[in-house]
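Reviewing the structure listed below.
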Amino acid sequence: MRVLTGIQPSGDLHIGNYFGSIKQMVEAQKHNETFMFLANYHAMTSVLEGEKLSRLTMQAAIDFLALGIDPDKTVFWVQSDVKEVLELYWILSSFTPMGLLERAHSYKDKTAKGIAANHSLFSYPVLMAADILLFKPDVIPVGKDQIQHVEIARDIAIKFNNRYGEIFKLPEFKVEEEVATVPGIDGQKMSKSYNNTINIFGEEKEQLKTIKKIVTEAVPLEDPKEFENCNVYNIAKLFLDENELIDLQSRYKRGGEGHGHFKLYLADVIWEHFKEQRERRAYFESHQEYVRDILNKGALKAGEEAQKMMDTIRRATGLHY
Ligand code: ADP
Ligand code: TRP
């Protein structure tokens, strides 16, 4: 099966990104044909400082390699290195009714928050459809917030295929249900834009400071505590196996420990969990030419696929004469 996903290099990776997307990709590459790219064009909807975008792109490449994206198994590249996607984006625009984009939640949410609407924010799902359809993937692993974008890609593909024949494969999204939405330190969805993230590669002291800020109920130290709705517990459970979970639940039920103790425990669990990845990260950080080489090779492979597909599309649409 062919699995494809893109991720925006728009900031430090957090554990929501990890459980909602990266972990699935690392798993998927064991048994599938996997394609993954850094969506730097998409990141331009929020990052418009050149030096910053370039730095974030390199940082994201290093992070993903450290987290287990294996360039021998996964075609891994930077979106803007395969320009065919922009040509397809334009072609797909003619198969995208305005109403389809006007109904997109992410656009509606952002404009409702007062973010000034520009064309890139509005047409974002069309570029995402091009990213997907160019590579004929079967499955797109995403977090819940991206489901609608994959559905838009399907709608566009259906319209295009109706006119020109079965050129595009209809993609399916895949959401890992039990980790569908990772909560942030305030209990809302963890997201860079809500300032409630726990980063994967933060400094140990910073990480602890963030974890100490997790919002919890005020309950006297000696009293038993509820774990079901506790933000600390709900984050910890992503990292724990069944026995560790039962242990933690009994610590909540027993009383005698405060949320501060559970926070310290959580900080240790997270720090331990990413130990190996931190070491790998340090290696790539100091070997950036090697990282560039990996990305170039990925772009070549992805580019070959993209050129083949664009040739078919150009013929079908009459752009080839
Ligand atoms: P952010 O909301 O921090 O800006 P992105 O939009 O860059 O995160 O998301 C990158 C990937 O991680 C997407 O597949 C997204 O669905 C997933 N993701 C982000 N936050 C979460 C979360 N809290 N829970 C689950 N998945 C998430
Ligand atoms: N929009 C996605 C996000 O913000 C990133 C993305 C761009 C993507 N193109 C894609 C994800 C294609 C999957 C497939 O998370």
Name all residues meeting the side chain to side chain contact (heavy atoms under 4.5 Å, CB included) criterion together with [X]; count only those two or more places apart in sequence or in a different chain, and write none if there are none.
| X | answer |
| --- | --- |
| H119 | Y89, S123 |
| I158 | N162, L170 |
| D241 | N243, E244 |
| N296 | none |

Show your working on side chain to side chain contact (heavy atoms under 4.5 Å, CB included) between D63 and F201 and close with a plain yes or no.
CA-CA 8 Å; D63 288 348; F201 292 121; 3.5 Å; yes
Closer than 4.0 angstrom, basic N to acidic O: yes or no for [X] and [Y]?
| X | Y | result |
| --- | --- | --- |
| R55 | E51 | yes |
| R280 | E276 | yes |
| R314 | E87 | yes |
| E204 | K209 | no |
| K301 | E304 | no |

Side chain [X], main chain [Y], donor-acceptor under 3.5 Å:
| X | Y | value |
| --- | --- | --- |
| N32 | A28 | yes |
| T5 | P141 | yes |
| H287 | Y283 | yes |
| K136 | I132 | no |
| H259 | E217 | yes |
| N231 | V215 | yes |
| K83 | S80 | yes |
| N161 | I167 | yes |

Give the minimum heavy-atom separation between [X] and [Y], together with the two atoms involved.
| X | Y | answer |
| --- | --- | --- |
| K253 | P224 | O-CB, 3.2 Å |
| F168 | A157 | CB-CB, 3.9 Å |
| L133 | M309 | O-CE, 3.7 Å |
| N196 | Q188 | ND2-O, 3.7 Å |
| N199 | Q207 | O-OE1, 3.2 Å |

With a cut-off of 6.0 Å (strictly less than), are more than 12 heavy atoms of other residues, nucleotides or ligands near [atom1] of [X]?
| X | atom1 | answer |
| --- | --- | --- |
| K297 | NZ | no |
| M58 | CE | yes |
| K212 | NZ | no |
| E228 | CD | yes |
| K192 | NZ | yes |
| E279 | CD | yes |

Validation row: L65, V291 side chains within 4.5 angstrom (heavy atoms):
yes
Quick one: are E257 and L221 in side-chain contact, heavy atoms under 4.5 Å?
no
Side-chain donor-acceptor pairs under 3.5 Å in residues 67-75, sequence neighbours left out?
| from | atom 1 | to | atom 2 | distance (Å) |
| --- | --- | --- | --- | --- |
| D70 | OD1 | D72 | N | 2.9 |
| T74 | OG1 | Q29 | OE1 | 2.7 |
| T74 | OG1 | T34 | OG1 | 2.8 |

Parallel, tilted or perpendicular: which fits the ring planes of Y107 and F122, with parallel below 30° and perpendicular above 60°?
perpendicular
Do the ring planes of F274 and Y18 sit parallel (below 30°), tilted (30 to 60°) or perpendicular (above 60°)?
perpendicular
Could you name each residue pair satisfying ring-ring contact (aromatic ring centres under 6.0 Å, His included) that touches residues 205-227, not counting sequence neighbours?
F227-Y233
Kindly state each residue pair satisfying ring-ring contact (aromatic ring centres under 6.0 Å, His included) with at least one member in residues 40-75, sequence neighbours excluded.
H42-Y124
Report yes or no: do [X] and [Y] belong to one cluster of Ile/Leu/Val/Met/Phe/Trp/Tyr joined by side chain heavy-atom distances under 4.5 Å?
| X | Y | answer |
| --- | --- | --- |
| L134 | L319 | yes |
| L127 | L53 | no |
| I198 | V269 | yes |
| M44 | L38 | no |
| Y194 | L238 | no |

Determine, stepwise, if the pair Y164 / T317 fulfils side chain to side chain contact (heavy atoms under 4.5 Å, CB included).
CA-CA 7 Å; Y164 295 116; T317 50; 3.6 Å; yes
Those residues that, when tested against [X], pass salt bridge (Lys or Arg N to Asp or Glu O under 4.0 Å) (two or more places apart):
| X | answer |
| --- | --- |
| D131 | none |
| R254 | none |
| D247 | none |

Salt bridge (Lys or Arg N to Asp or Glu O under 4.0 Å) assessment of K113 paired with D109
CA-CA 6 Å; K113 278 194 200 118; D109 292 352; 5.9 Å; no
To the nearest 0.5 Å, what is the distance between CD1 on I62 and CD on E285?
4.5 Å
F262 and Y252: aromatic ring centres closer than 6.0 Å?
yes
Kindly say whether the aromatic ring centers of W77 and F135 come within a distance under 6.0 Å.
yes
Qualifying salt bridge (charged side-chain N to carboxylate O under 4.0 Å, His left out) pairs, either residue in residues 147-163, two or more places apart
R154-E172
Can you list the steps and then say if I91 with F160 is a side chain to side chain contact (heavy atoms under 4.5 Å, CB included)?
CA-CA 9 Å; I91 294 170; F160 184 95; 3.9 Å; yes
Please give the remaining members of the hydrophobic cluster of L264, linking ILVMFWY side chains under 4.5 Å, ordered by chain and number.
L208
Start with the C-alpha gap between K174 and V142, add the side-chain angles, then the distance that decides, and say whether side chain to side chain contact (heavy atoms under 4.5 Å, CB included) holds.
CA-CA 6 Å; K174 177 166 170 268; V142 284; over 6 Å; no
Would you say T57 and N40 are linked by a side-chain donor-acceptor pair, where the criterion is simply a distance under 3.5 Å?
no
